[in-house]
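Accompanying notes for the structure given below.
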Amino acid sequence: MSDKKRLGNIIGATMATIFVLALFLIFGPGPGPATAGTNDPNPVVITTDGDNQLATENDQLRQAVQTMQEREAAYQAEIQKANDLLTANQGYGQGEYEEEEEYEEDEDEEYDDD
């Protein structure tokens with residue numbers, strides 16, 4: 001390889017390195033890890049009106065969820081009572097349906113005669 005070409009490659013690599021270093025110094029290393037500004041284990045929380053509104057809304061939502069859960073438990077108890085009642089009376093009235101079917105067959109016979 002000729003000395004001119006080698007010197008050109010070295011200058012090109014140096015310029016690229018300087019360009020990358022300049023970009024790094026201008027724009028910085030980028031965002032760091034997501035941490036608080038200090039290593040204080042007990043940070044001070046400052047509340048604002050927005051935070052108070054969110055806390056109030058959070059409490060209302062928790063109460064609504066609790067009310068829904070109580071209603072769900074009551075509905076489940078009612079459903080269980082209904083299921084128990086249906087299970088206890090499962091065989092009740094089966095003879096009535098058979099009689100109705102016989103009655104319907106008798107009506108059909110009357111119309112066939114006409």
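Cluster annotation: L7 is connected to M15 through the hydrophobic network of ILVMFWY side chains, with a link wherever side-chain heavy atoms come within less than 4.5 Å. Under the 4.5 Å side-chain heavy-atom criterion for ILVMFWY residues, a single connected hydrophobic cluster contains both F27 and F19. I26 and V20 are assigned to two separate hydrophobic clusters, defined by single-linkage of ILVMFWY side chains at heavy-atom distances under 4.5 Å.
Once rounded to the nearest 0.5 Å, the distance linking NZ of K81 with CG of L86 reads 14.0 Å. A distance of 11.5 Å separates CE in M68 from CD in E70, rounded to the nearest 0.5 Å. For the atom pair Q76 CD and E72 CD, the distance stands at 5.5 Å (nearest 0.5 Å). Atom OG1 in T14 sits 10.5 Å away from atom CG in N9 (nearest 0.5 Å). Between atom CD1 of residue I18 and atom CG of residue L21 there is a gap of 8.0 Å, rounded to the nearest 0.5 Å.
Partners of K4 by salt bridge (Lys or Arg N to Asp or Glu O under 4.0 Å), not counting sequence neighbours: none found.
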Checking side-chain hydrogen bond (donor to acceptor under 3.5 Å, both in side chains) for the pair Q63/D59: CA distance, chi angles, key distance, verdict? CA-CA 6 Å; Q63 289 174 355; D59 290 339; over 6 Å; no
